[in-house]
Amino acid sequence: MKILLTALACLFPTIGIMAENKIISVDTDKTSMVMQVNPDGKLIHDYYGKKFNGIEPFLIKQYKEQPDNGAGYAPMAYPAYGGLVSIQPALKLTHKDGVQTTDLRYDSHKVTQIDDNREKTEIVLTDPLYDIKVILDYTAYKKEDIITESVTVLNNETGKIAVENIAASYLPLHADDYYLTHFNGIWAAEMQLKEDKLTPGIKSIESKKGLQTTAASNPAFMVSLNQPLNENNGEVYAGALAWSGNFKNTFEIDECDRLHIVAGPNDFASTYYLEPGESLTTPEMIWAYSNTGSGTASRNFHDWVRNYNIAHPEEERAIVLNSWEGAYFDFNEKTITDMIDDAAAIGVEMFVLDDGWFGNGEYARNSDHAGLGDWQVNTEKLPKGIDYLAKYAKNKGLKFGIWIEPEMVNPQSELAQAHPEWIVKSGKRDKIEMRNQLVLDLSNPEVQDFIVTTFDNVLKQSPDISYVKWDANRYISDFGSEYLPEDKQSHFWIDYINGLYAVCDRIREMYPDVTIQLCSSGGARLDMGALKYHDEFWTSDNTNAMDRIFIQYSTNLFYPSLATAAHVSTAPNHQTGLIAPLKFRFDVASSGRLGLELQPKDLKGKEREFAENAIKTYKQIRPIVHHGDLYRLKNPYDGKGWASHQYVSKDKSKAVFFAYSLKYHGRTTYFDTKLQGLDPDKNYRITELNPQGWNKFYGDGQVFPGDYLMNAGISLNIGNPMESTVLLLEEI
Ligand code: GLA
């Protein structure tokens with residue numbers, strides 16, 4: 001971060017720059033976000049892009065293009081509604097006296113070095129007429145080239161103010177064309193990649209579903225300037241809001257063809273009242289800029305997540321057998337111990353007991369109609385309890401995990417009878433069930449305590465529980481809280497999520513070592529806010545390998561592979577009926593965090609042998625998949641019927657390459673690609689992994705220079721639907 005007090009009049013004598021001008025630059029190793037205080041004291045956004053030496057001329061630019069010059073737009077760093085701001089504002093307040101406008105002026109700023117890699121810049125803005133403070137809080141992550149921003153508004157007025165809209169960040173851009181890549185989907189088809197060329201007006205990507213952030217749209221996006229998103233070239237702005245609740249990211253092209261991005265919690269039914277002395281802080285918005293396409297921005301996000309925003313990044317994720325698709329609700333002790341036996345025999349490292357283990361009597365969890373909220377072991381199904389199963393797994397060399405859904409309650413439960421006041425509902429209206437369940441009101445501290453205690457009690461069942469799958473199988477529809485006062489019902493959306501984070505903070509303090517999987521009807525809650533408390537996420541209930549190629553491709557644009565739970569399930573697939581070869585299923589799942597989601601005793605003969613081998617192979621490539629750099633080579637969304645990507649270890653000594661054929665390509669067509677990210681001067685021995693069938697890679701066992709592989713490339717003998725190749729490259 002640099003401050004340039006403008007003694008530049010001598011450098012640019014004809015321009016006559018005002019002495020008060022000041023530049024504030026938030027810098028990473030390769031990018032800069034430049035702001036400037038203009039003579040009126042307004043904080044102007046000058047630039048976000050490639051870092052370069054000599055940013056002083058921004059002072060000239062701002063002098064020539066005076067903001068607020070009548071064009072109706074000032075490229076402010078954080079536009080509040082008021083003055084000439086007519087775009088979607090980042091902040092909209094009603095002051096104590098009913099006045100609707102705010103005029104933010106620079107007050108002061110402070111730069112703090114957190115450590116070698118992180119620098120914090122705090123800019124305080126005030127309004128000359130109203131006693132409020134708006135604090136813009138930036139953190140630059142140097143080597144990851146990530147800049148985060150969050151905003152705090154502090155009310156020092158003599159009465160209550162209403163915060164009607166508060167964004168975490170605002171970014172203005174100016175180019176000829178803007179292409180927005182975003183993610184949209186539904187249960188079992190999450191994170192479908194969409195790209196739209198933006199047109200004048202506002203496009204809003206948002207959620208009003210409360211806790212299921214990603215049940216439709218994800219709060220992460222990329223904007224590519226002047227051309228559709230490309231992996232390897234072009235200017236790309238990647239943004240992700242770290243918020244697990246209602247969000248709203250708007251993209252507005254104004255009358256001057258300028259794009260305004262406003263990202264933050266959704267203002268929908270969310271007016272937040274601040275009493276004197278109270279403040280409100282937004283979640284963080286995370287930004288990356290790349291002038292070498294989406295690949296760089298994506299890798300920057302992966303590095304940032306692995307360094308700062310996920311639990312236990314250094315630990316290799318265990319290979320899981322999850323009981324859901326193999327047993328559903330229909331199991332007893334023997335079903336589970338048999339599954340553990342089979343899992344142990346083929347090299348699985350963790351057994352996870354999914355839904356169905358709790359609730360008793362009339363509320364036994366034998367279907368999704370009852371039991372949620374009653375987190376006591378079902379003594380009929382599992383008379384020896386959880387500790388017996390966890391110890392059984394331990395004796396077989398497996399770790400043990402368990403499923404919970406602690407934010408939810410079935411009306412058919414003891415909890416619902418005991419605490420009807422804890423349930424989210426809209427006043428006297430009938431409660432609306434989804435999957436026969438209702439949501440607990442996490443804005444209520446008593447409910448927060450209950451969830452922390454539930455987690456604690458579940459884990460206390462056995463010292464050998466080392467993994468928890470935390471699910472949330474519905475969204476919030478008709479909101480309302482018996483805990484919040486009548487005039488603060490609109491605090492619900494924000495207080496719920498802050499309540500959830502408070503619970504997560506407490507749980508992480510109590511159980512820092514436990515692995516926690518983030519799950520919500522598959523991948524309906526996937527965002528940087530929740531991810532930070534978790535080790536991994538359940539990417540989708542759709543385990544069909546063909547669909548997973550698409551889901552994992554777009555998910556991994558932001559969220560890294562080590563966290564992407566990908567399970568091999570049975571054929572025909574339970575969600576889609578597709579019959580995919582076992583090799584294809586393994587080759588797709590092995591590019592994330594490998595697991596199984598089936599009844600392992602159904603794997604017999606050659607299939608079992610193949611599975612055992614593929615699990616062994618995965619253990620060999622796991623460090624590269626988990627910690628390597630991801631290069632996408634072929635995009636499944638381009639309609640050409642191929643998908644391919646590579647992970648390269650940080651020291652470029654190893655790589656693993658995946659290629660999939662999604663359709664029939666014609667008899668004489670084969671797959672050609674150039675590899676990426678290798679060291680041109682290194683020689684690599686290639687080994688084909690999980691080989692099967694006639695289409696063996698000609699280069700298996702051969703040595704190729706990195707330069708050759710990245711320029712001449714390789715050809716593969718795949719071209720039928722659901723054929724795949726996996727190659728390991730090792731420096732010799
Ligand atoms: C959700 C999850 C599944 C499974 C079921 C159990 O749908 O995504 O993996 O845990 O709940 O009810």
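Each ligand, and each atom within it, is numbered from 1 in the order the structure gives.
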Ligand 1 versus Asn322: contacting region, heavy-atom distance under 4.0 Å: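 The answer is neither.
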Location of contacts on Asp471 toward ligand 1, heavy atoms closer than 4.0 Å: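 The answer is the side chain.
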Quick check: [X] and ligand 1, any N/O pair under 3.5 Å apart?
X: Gly522; result: yes
X: Trp187; result: no
X: Ser520; result: no
X: Arg365; result: no

If you count the atoms of ligand 1 from 1 in the order shown, which ones are under 4.0 Å from a heavy atom of [X]?
X: Lys469; answer: 3 (C), 4 (C), 9 (O), 10 (O)
X: Arg435; answer: 6 (C), 11 (O), 12 (O)
X: Asp355; answer: 6 (C), 12 (O)
X: Trp538; answer: 8 (O), 9 (O)
X: Asn473; answer: 1 (C), 7 (O), 11 (O)
X: Cys519; answer: 2 (C), 8 (O)

Any side-chain heavy-atom pair from [X] and [Y] closer than 4.5 angstrom?
X: Tyr559; Y: Met191; value: yes
X: Asp535; Y: Arg317; value: yes
X: Tyr388; Y: Thr337; value: yes
X: Asp441; Y: Glu482; value: no

Proximity of Tyr511 and Phe455 rings by center, below 6.0 Å: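 Centroid distance Tyr511-Phe455: below 6.0 Å, so yes.
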Per atom 4 (C) of ligand 1, closest listed option by heavy atom (Asp354, Val352, Thr543):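 Looking at heavy atoms only, Asp354 sits closest to atom 4 (C) of ligand 1.
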Heavy-atom pair of closest approach, residues Ser244 and Arg525: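 It is CB-CD, 4.1 Å.
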With under 30° as parallel and over 60° as perpendicular, where do the rings of [X] and [Y] fit, or are they tilted in between?
X: Phe358; Y: Trp375; answer: tilted
X: Phe450; Y: Trp422; answer: tilted
X: Tyr553; Y: Tyr637; answer: tilted

Residues Glu190, Ser540; criterion side-chain hydrogen bond (donor to acceptor under 3.5 Å, both in side chains); working and verdict: CA-CA 7 Å; Glu190 296 87 343; Ser540 174; 2.6 Å; yes
Identity and distance of the protein heavy atom lying nearest atom 3 (C) of ligand 1: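 Looking at atom 3 (C) of ligand 1, the protein heavy atom closest to it is Asp541 OD1, 3.3 Å.
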Closest approach of any protein heavy atom to atom 5 (C) of ligand 1, naming residue and atom: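 Answer, as residue, atom name and distance: Trp324 CE2, 3.6 Å.
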